[in-house]
Every structure is written in C-alpha cells, then in structure tokens.
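Below is one structure, written out as structure tokens; the observations come after it.
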Amino acid sequence: MAMAMRLKLSSAVAGCRVGELLLGGRSLELPACLLYTRGGTAPNLTHDNLELVEPPPLAAQVPLASLVEQQEVLEEYGEGFAKFIGLPDMLLVCTQYDPATPTPQGFTTSKTVSVWGSGGRVELTPSRYVELQRAVRPACYQAPAADDEGPTASSKRERRGVDRTLAFLDACLLAHHTHPELSGVGVLGTVQGGALMSERVRSARCTATRAVAGFLVSGLFQRQGGEGGPGAATRSRILRAVIAELPPDKPRMVCGVGRPDQVLRCAALGVDLFESHFPFLVTERGGALHFSYEWETGAALGDAAGEEGDDAGGSVIPEVTQEEEEDEEEEDVRIPTRFEMNLREERFRGDLSPLLPGCPCYTCAHHSRAYLHHLLATRELLAGVLLSIHNVTRYHGFFAALRGALRRGPAALARLRGAVLAAAPPPPLSSSPGAPPSLSPVPPATSHG
C-alpha cells in the first residue's frame, strides 16, 4: 500500500514555508515546482534529454486533457501511468487543465465537468473522473471542479460555480474511497470564486472542512477564454485571504503562476507547490531565461539586504508596486517577459557568447546565442530541444536556490529577490575568438509536443 500524503514543516521565513512533502513514499522539498508535461513527456525532451537537467525533477504535472482518451489503454496496462511512460520513480500530480493551453469555458453542467482532449470535448461525471485516476494512479490529483467563470462573471455565476465544485468534491471523495488502488493517493480540493473575495473565502472555508490531502487554488492567475484576470494587488489580497482559511498542516498549490516574481510573492503568502509551464512558454516564443538567482553574490549586486545578518526578521515581499501591477497586467503568452531574451532578434545573429554566462546547463556549455538564433531562423526542431534544456534547468534551479536561501534566513531571501527582480534582457555580448563554438555533439533529440 502506498504511503499517504503528508506535510512536514520545519520553519517559515518571511511567510515562505520550509519543509518537505511526503508523497508516494518519497520526499519533495518545499517550495517546489512540478515538471510540466504533456502526455507524460516534457515537451521537446526525450528521457535522455531530461537526464541533462540539474537538479533532476522529482515530480511532474500531468494535465488530464492528455490522458482522458487513453483510459482504456491504461486500464488494460494496469500498472499506472508513471511506469507506462518509463518514469516509474517520477511522482505524478494530475490536474484537470493544462496551464499552458487556454481552456474553453461554460461547459460545466450540474453533473459533469468537461476536459478537452485531442479529439475535442469529453464530459466526465465525478465517478468516471475517479475511474480515470484509478487507471493513472498518480501520487495525488485535483478533484473535479467547475469552470472558473472569469473576472467579469456576476456574483450569482461565481456562487453557482463554487457550489458545483463543492458538490463535485463530495462525490469525488465518496467514489475515491471505494477503490483500494487509490488508498495512498491524495485528493486536492479546488478553491475557486473568480475575483470575488467573498466567494473565494467561502470556497476555501468549505473545502477545508472536507477530508482532502491538500488544496489547489485555481482561476486566480490563469487567463480564461482570452480574458485577463484580476490585477497583481487584487490577486495578492485574495490569495492572502484564501490561505488564512486553509489549515497549516496541508499543502497548498496554485495554478497559473509562472513568472519568477509571481512565484516569490505567492511563496511569501504560504504557497508550497507551483507549476512549471513558464519555461515551455518561453521556449515556444524562441526565448531563453536570463534572470539571476545567485543570492550568494547578492551583496555584490548592490542589494542592501546583503549588509544584514541572516537572522534579520520581517517580510521581504512588500506590497505590490504600481510598476509591478502594470508589468503583470501586460503579461501575454505571445510577448517575451523581462526574465528572458528573444533569440529570434537579429542582434543575436553573430553573438557567440553562451545564452547565460556562468549557467552550468548543457546548452550554455556547448552552444552560442548565434547558433540558437540560426536554429530558430531555420525552424530546426533542435532549437526547441536546446532551449528546453536551458529553460527547464534554469527554472528548476531557481526553486533550488529559493530553498537554499530560505535555509539561510531572511537576508539571503532578500538577496535572492533583489537578484530576480533586477532581471532585464541583456544586450548581445561582442563576439570573441575565445567564445565557445557550436560544434559539439548534441544529445539524441526528438520533438514531443
């Protein structure tokens, strides 16, 4: 029998929770991010490519949309999806939606939720939803939830959505306990309510009374149906109120958060688990992550926190500034952020420097900006492979650095935050005879998703 999901907290630093999540018989250090996958595979990366990512991801997010049409195959296989895809040691967290793909809204009924597979819409009752989880056998999964109504929805529609989600959760928990195969699998209750504080708080309060293993805050950061969500300051106020209603001994996950500044803000509000679709979106734009998180050298960057001792108290995450509010309001999956550089730009055509000087990833060690620009210009599949190796490595490295800074204390966390928020796309470095050429062999590469 699998080990039940359990949270062990060791400390809290400026609101950030430090500890580990015992999941599927393994330990996941917090705060943590889940490897983004489609159909159980990290986009652009084979298993061999994935081995080049350091630190190696221990847990992966599996959106239900990529599995809903494979239920019969998985039931016939009978040993779970992790073993089916050749990653038996990977902890799988199954979510209802794909965070990198806009989901059509308005298709929830009083009895079913809708999941959009490659063949279109698939309606699932709570019992069928749980049957699918029995075939997948993840470490934990999101309970079925009604569509989030979006930022312009009326209070009546939001209230109906919350009521339906709670009803789905009750039916899911009832069905869950009838399957011995799911005895060690955790269920994450979904907290909804759009931009309405009252409905968000009610959703959190009522979900906390159910026998769930953890909580997933949905719809607050995602763009539903092309609509933008509430502003950064409103998001923070709502999330703070939601977290206050949740018990401290269970993990909290938030959907739709990807940008490093958003991660830091949500972690300071008490969020434990994050998605990692952001590196995928950056790769799809032809970008390379170019932000710093080396907090050990924060003092050299002029961060005032570097002068303080590591026992300094107080929160290092201030209220949202007007600049940050406008920055997040302008966020669009098609537009590069300040945390990346757009390698499609002509200025990188002759730049023989690595994507990010000092980055230890395979791509930066063996290839140049000019080479990646060439691959993107000629539409080579290898561009996605090499950019994914860099972006996934950099993003997961950011979380490792965050955990390291939290172990040292508030001053280290302040230095890390200062380094992250100083991010800006760099000018191309001038070519030099000593720059690494792009002539080394590359790992086996196949595009997946």
Side-chain angles (χ1 to χ4, degrees), residues 36 42-46 48-55 258-261 276-294 297 300-301 331-398 400-401 419-447 449:
Y36 172 70
N44 301 311
L45 301 179
T46 64
D48 290 337
N49 299 150
L50 194 57
E51 291 178 356
L52 297 173
V53 174
E54 290 290 343
R259 291 164 47 120
D261 54 341
S276 66
H277 60 294
F278 184 64
F280 167 71
L281 295 176
V282 172
T283 298
E284 289 292 284
R285 293 191 285 258
L289 289 177
H290 200 277
F291 67 97
S292 174
Y293 48 70
E294 282 70 27
T297 58
L301 299 175
E331 184 179 4
D332 189 310
V333 297
R334 300 163 298 179
I335 302 174
T337 67
R338 61 191 175 98
F339 301 99
E340 65 197 87
M341 57 181 177
N342 183 5
L343 288 165
R344 299 183 188 276
E345 293 179 4
E346 187 65 19
R347 65 193 182 112
F348 293 113
R349 182 179 181 182
D351 193 335
L352 297 180
S353 55
L355 303 185
L356 180 61
C359 175
C361 81
Y362 175 90
T363 302
C364 288
H366 296 85
H367 301 289
S368 67
R369 298 175 182 177
Y371 183 54
L372 268 295
H373 172 83
H374 162 73
L375 293 177
L376 289 167
T378 55
R379 300 185 179 182
E380 291 285 347
L381 293 179
L382 183 57
V385 176
L386 294 177
L387 284 175
S388 292
I389 291 173
H390 170 77
N391 290 333
V392 173
T393 297
R394 196 70 191 160
Y395 199 72
H396 284 257
F398 163 57
V420 169
L421 296 186
L429 301 179
S430 57
S431 303
S432 65
S438 294
L439 299 176
S440 62
V442 298
T446 307
S447 177

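Owing to the predicted nature of the structure, the values given are computational and were not obtained by experimental measurement.
- Considering all non-hydrogen atoms of both residues, Val385 and Leu45 come closest at O-CD2, 3.8 Å.
- Separation of atoms CG (Asp351) and CE (Met341) is listed at 7.5 Å; rounding is to 0.5 Å.
- Between His290 atom NE2 and Arg369 atom CZ the span is 4.5 Å, to the nearest 0.5 Å.
- With rounding to the nearest 0.5 Å, the separation of OH in Tyr362 from CG in Asn49 is 9.5 Å.
- Contacts of Ser388 classified as side-chain hydrogen bond (donor to acceptor under 3.5 Å, both in side chains), with partners at least two apart in sequence or in another chain: Asn44.
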Set out, in order, the CA-CA distance, both residues' side-chain angles and the distance that settles side-chain contact (heavy atoms from CB on, under 4.5 Å) for Phe339 and Asp261, then state yes or no.
CA-CA 9 Å; Phe339 301 99; Asp261 54 341; 3.7 Å; yes
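- Distance check: Leu382 CG to Leu375 CG gives 5.0 Å after rounding to the nearest 0.5 Å.
- Contacts classified as salt bridge (charged side-chain N to carboxylate O under 4.0 Å, His left out) and involving residues 384-395 (residues at least two apart or in different chains) are given here: Glu294-Arg394.
- In this structure the side chain of His366 never reaches within 4.5 angstrom of the side chain of Leu386, judged on heavy atoms.
- Closest non-hydrogen pair, Leu356 versus Phe291, comes out as CD2-O, 4.4 Å.
- For the residue pair Thr46/Asp48, the side-chain donor-acceptor check at 3.5 Å is not satisfied.
- Taken from OG in Ser292 to CG in Leu421, the straight-line distance is 11.0 Å, to the nearest 0.5 Å.
- Between Ala370 and Gly350, the closest heavy-atom pair is CB-C, 4.1 Å.
- In terms of the salt bridge (Lys or Arg N to Asp or Glu O under 4.0 Å) criterion, Glu380 has no residue partners (sequence neighbours excluded).
- Residues Glu54 and Pro360 are not in side-chain contact: their nearest non-hydrogen atoms beyond the backbone lie 4.5 Å or more apart.
- Not counting sequence neighbours, the partners of Thr283 by the side-chain hydrogen bond (donor to acceptor under 3.5 Å, both in side chains) test are Asn391.
- Here the closest heavy-atom approach between residue Tyr293 and residue Thr393 is recorded as OH-O, 4.4 Å.
- Proximity of a side-chain donor or acceptor of His390 to a complementary backbone N or O of Leu289 within less than 3.5 Å is detected.
- For Arg349, the salt bridge (Lys or Arg N to Asp or Glu O under 4.0 Å) partners are Glu346, not counting sequence neighbours.
- The line from CD of Glu340 to CZ of Arg259 is 9.5 Å long, rounded to the nearest 0.5 Å.
- Of all non-hydrogen atoms in Leu387 and Ala288, the two that sit nearest each other are CD2-CB, 4.1 Å.
- In this pair, Tyr36 and Phe280 present their aromatic rings tilted. The plane angle is within the 30 to 60° band.
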For the pair Thr337 and Phe278, evaluate side-chain contact (heavy atoms from CB on, under 4.5 Å) and give the outcome as yes or no after the intermediate values.
CA-CA 11 Å; Thr337 67; Phe278 184 64; 3.7 Å; yes
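- Residues meeting the side-chain contact (heavy atoms from CB on, under 4.5 Å) test with Glu345, sequence neighbours left out: Asn342, Arg347, Phe348.
- Residues satisfying the side-chain hydrogen bond (donor to acceptor under 3.5 Å, both in side chains) test with Tyr395, not counting sequence neighbours, are none.
- By the side-chain contact (heavy atoms from CB on, under 4.5 Å) test, Ala377 pairs with no residue at all, sequence neighbours left out.
- Counting all heavy atoms, side chain and backbone alike, His373 lies closest to Leu343 at ND1-O, 2.9 Å.
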